[in-house]
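All remarks here apply to the structure that follows.
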Amino acid sequence: MNDQKTPKETGWVGSKDGEQRIKDVLWHAGIPLEIAVAQVCRSFCGKHSTELPRITTLRAVYNYMRPNRAAREVDQSVQFDGY
């Protein structure tokens, strides 16, 4: 039998403390920076890509699973084709 409560049952979903905790976890994980870098890459590609050169952005996500710990790394790259 599963004794775990859902987040809603614990009472922290929708609470200011719960919302702030989620924001803090995301901030410390680097998510805002990853989003900003991805937006800059997409914007650059959108402005400068033509048929030749074709400029694309790629994202690689690495997830290293270890006992009791999951690490994540996101790489963003811009690729130039047709030179």
Side-chain angles (χ1 to χ4, degrees):
M1 179 175 220
N2 187 353
D3 293 331
Q4 292 183 341
K5 293 182 179 182
T6 66
K8 189 173 186 176
E9 290 172 331
T10 64
W12 69 267
V13 172
S15 73
K16 291 293 180 189
D17 290 339
E19 182 179 320
Q20 187 58 50
R21 176 66 181 140
I22 291 169
K23 287 179 182 179
D24 291 344
V25 168
L26 293 173
W27 179 261
H28 291 294
I31 301 301
L33 177 60
E34 292 172 11
I35 292 169
V37 169
Q39 288 172 338
V40 168
C41 290
R42 283 193 303 271
S43 175
F44 178 86
C45 292
K47 289 178 185 175
H48 301 288
S49 185
T50 58
E51 190 172 321
L52 284 178
R54 192 177 111 211
I55 306 170
T56 56
T57 183
L58 304 168
R59 179 177 62 170
V61 179
Y62 309 95
N63 191 12
Y64 306 104
M65 299 301 288
R66 296 185 187 121
N68 300 324
R69 184 174 162 210
R72 184 178 85 123
E73 179 181 340
V74 177
D75 291 336
Q76 192 78 34
S77 67
V78 174
Q79 182 174 335
F80 295 80
D81 296 318
Y83 281 102

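Side chains included, hydrogens not; waters and symmetry mates left out as well; all remaining heavy atoms used. What you are looking at is a predicted structure, and each value in this text was computed from that prediction instead of being measured.
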Under 3.5 Å, side chain of Thr57 to main-chain N/O of Ser77, donor-acceptor pair present?
yes
First locate atom CZ of Arg42, then atom CD of Gln76, and finally report the distance between them rounded to the nearest 0.5 Å.
7.0 Å
Check whether Ile31 and Ile22 end up in the same hydrophobic cluster, where Ile, Leu, Val, Met, Phe, Trp and Tyr are linked by side-chain heavy atoms less than 4.5 Å apart.
yes
Which residue pairs pass the salt bridge (Lys or Arg N to Asp or Glu O under 4.0 Å) test when at least one of the two sits in residues 20-30, sequence neighbours left out?
Glu19-Lys23
Tell me, which pairs form a ring-ring contact (aromatic ring centres under 6.0 Å, His included) where one or both residues lie in residues 18-38, sequence neighbours left out?
none
Going only through I, L, V, M, F, W and Y residues with side-chain contacts under 4.5 Å, is there a path from Leu26 to Ile35?
yes
Listed pairs under 3.5 Å, donor-acceptor, residues 45-56 side chains, sequence neighbours left out:
from: Ser49; atom 1: OG; to: Ile55; atom 2: N; distance (Å): 3.0
from: Ser49; atom 1: OG; to: Ile55; atom 2: O; distance (Å): 3.4
from: Thr50; atom 1: OG1; to: Leu52; atom 2: O; distance (Å): 3.0
from: Thr50; atom 1: OG1; to: Pro53; atom 2: O; distance (Å): 3.3

Could you pull out the closest heavy-atom pair between Gly18 and Ser15, with the gap in Å?
N-OG, 3.0 Å
